[in-house]
Peer 1: 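Below you will find the structure I want to go over with you.
All figures in this text were calculated on a predicted structure; none of them were measured in a lab. Proteins get letters first, then strands, A, B, ... in listed order; numbering begins at 1 in each.
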There are 2 protein chains.
Amino acid sequence: MPVTIKVNEETFTPRQQAVLTAALDLLVENGDGLTMTAVARRASCSKETLYKWFGDRDGLLTATVQWQAAKVRMPVVDRSHLNAKALRLSIEQFARDLLTVIVGEVSVTLNRTAVTHAAQEKDSLGLIVLENGPLAIRRRLKPILEAGRDARLLRFDSSEDAYRTFFGLVVRDVQIRLLLGDKALTQSNIEANIEADVKAATDQFFALYGAKANNA
Amino acid sequence: MPVTIKVNEETFTPRQQAVLTAALDLLVENGDGLTMTAVARRASCSKETLYKWFGDRDGLLTATVQWQAAKVRMPVVDRSHLNAKALRLSIEQFARDLLTVIVGEVSVTLNRTAVTHAAQEKDSLGLIVLENGPLAIRRRLKPILEAGRDARLLRFDSSEDAYRTFFGLVVRDVQIRLLLGDKALTQSNIEANIEADVKAATDQFFALYGAKANNA
DNA sequence: CCGCTGGCGTACCGTACGGTACGGTTCTAG
DNA sequence: CTAGAACCGTACCGTACGGTACGCCAGCGG
């Protein structure tokens with residue numbers, strides 16, 4: 001019952017990772033209709049093993065989400081020599097990574113699962129996704145923004161506000177529409193426009209927070 | 001089995017509305033742990049009646065979501081005489097309404113339910129929420145934006161892009177964090193800042209799309 | 001007063017699924 | 001070769017819940 005909280009570098013054996021992969025696949029395919037029996041069959045393992053390793057269904061779900069979420073690694077941009085061009089490229093890269101991740105099928109599935117979970121006062125999954133999603137972005141983006149400000153390339157009072165504006169400009173209504181299953185947003189449809197959207201968002205961000213207003 | 005699709009003005013009797021209210025209350029309280037038995041008990045009606053009226057569980061859920069979603073009515077702003085001040089007030093009002101709705105407990109619950117539903121290729125609820133949420137905003141906002149453009153108060157190529165930017169600037173990361181159950185966002189916490197956020201978003205929107213850049 | 005319809009309450013059924021038990025098999029250690 | 005651990009496969013149990021059946025009462029037209 002007291003499932004060992006997998007804090008951070010919980011190392012899963014390859015076999016366990018295979019199980020988690022199977023679980024994730026099932027999650028992506030069948031939505032939250034994830035069955036212990038189904039996972040066991042897909043992973044060619046016994047249910048007893050599942051319970052031995054992960055405690056219960058929630059434990060398996062948590063491990064899966066956590067394990068996958070931790071794999072999303074935003075590239076760290078170096079903020080050593082910051083000129084205008086480098087800053088812009090960094091921001092743009094952030095926007096690109098953010099959009100690419102959010103649009104991905106895995107991300108949509110994970111977010112849906114976490115939201116579902118949060119709808120039953122079991123907020124553990126929600127917190128994990130939150131931590132590895134928006135908050136991770138924030139942690140990584142803020143230093144860059146502040147470096148930009150120190151270099152007089154950006155202008156803002158609160159880096160928190162700047163980050164949230166950035167998030168809004170990039171994500172817009174895409175994520176919620178994907179979560180709600182908007183058929184008008186096909187994968188290919190979005191991916192084709194990612195570059196344009198990234199550029200637009202970056203332009204807008206600099207228009208709002210650039211030290212000198214640039215009317216692109 | 002063929003649940004009659006409640007297209008639009010499906011008039012529910014007062015008794016039925018009471019049932020739907022009960023269902024909505026349970027949804028808000030217990031998340032998606034909505035049980036037919038629980039609804040019947042709460043509404044003091046029999047399960048048989050529920051099935052007679054709504055067909056099955058999904059039918060009840062759909063009716064509830066649809067009925068509630070339809071109650072969210074954005075005030076229509078008159079776009080007869082558009083000066084800069086009136087336009088700004090309209091936009092601001094939109095931002096305020098949008099944020100207020102999105103932040104509300106009912107909205108969070110409905111969106112969570114719809115997302116959960118969408119996670120099981122049953123996208124009906126997702127479509128309903130989508131239709132009455134983001135898309136409703138879009139339908140109502142676009143004419144105003146275009147009127148603003150025609151009056152040379154706004155400048156943009158695509159009203160679609162302008163709408164989406166507006167959405168992003170207003171909503172930012174608030175909705176997804178609420179859906180994921182972020183404890184740092186308490187109801188009161190947000191509501192206290194709504195006015196400031198609304199003003200900031202409006203300022204930013206006009207900075208990006210105003211005919212003349214105003215450096216507020 | 002009689003019968004009928006609508007709806008309440010409850011008991012009931014079937015099933016799906018979380019969780020457990022157990023026999024059989026492979027692998028490793030000594 | 002033997003003992004034991006790990007694990008697979010499967011059968012099994014308990015329960016929760018969607019959905020149905022039925023008995024009962026209230027209101028109402030005749």
Peer 1: Between B:Q204 and A:Y209, is any side-chain donor less than 3.5 angstrom from a side-chain acceptor?
Peer 2: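 Side chains of B:Q204 and A:Y209: pair found under 3.5 Å.
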Peer 1: Base contacts versus sugar-phosphate-only contacts with protein, heavy atoms under 4.0 Å: please encode nucleotides 8-24 of chain C as B, S and - from 5' to 3'.
Peer 2: BB--------BBBBB--
Peer 1: Checking B:S107 against B:N111: is there a side-chain donor and acceptor pair closer than 3.5 Å?
Peer 2: yes
Peer 1: Keeping B:S158 on the side-chain end and B:D161 on the backbone end, is there a donor-acceptor pair under 3.5 Å?
Peer 2: yes
Peer 1: Would you indicate whether B:E105, at its atom CD, is surrounded by more than 12 heavy atoms from other residues, nucleotides or ligands within a distance under 6.0 Å?
Peer 2: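 At most 12 heavy atoms, drawn from other residues, nucleotides or ligands, come within 6.0 Å of this atom.
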Peer 1: Which residue pairs pass the ring pair (Phe, Tyr, Trp, His ring centres under 6.0 Å) test when at least one of the two sits in residues 165-185 of chain B, sequence neighbours left out?
Peer 2: B:F166-B:F205
Peer 1: Check nucleotides 24-26 of chain D for protein N or O atoms closer than 3.5 Å to its own N or O atoms and list the pairs.
Peer 2:
none

Peer 1: Hydrogens and angles aside, do B:T165 and A:R172 bring a side-chain donor and acceptor to less than 3.5 Å of each other?
Peer 2: yes
Peer 1: Going by distance alone, is a donor N or O of one side chain under 3.5 Å from an acceptor N or O of the other, for B:T116 and B:T113?
Peer 2: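 B:T116 vs B:T113: no donor-acceptor pair found between side chains.
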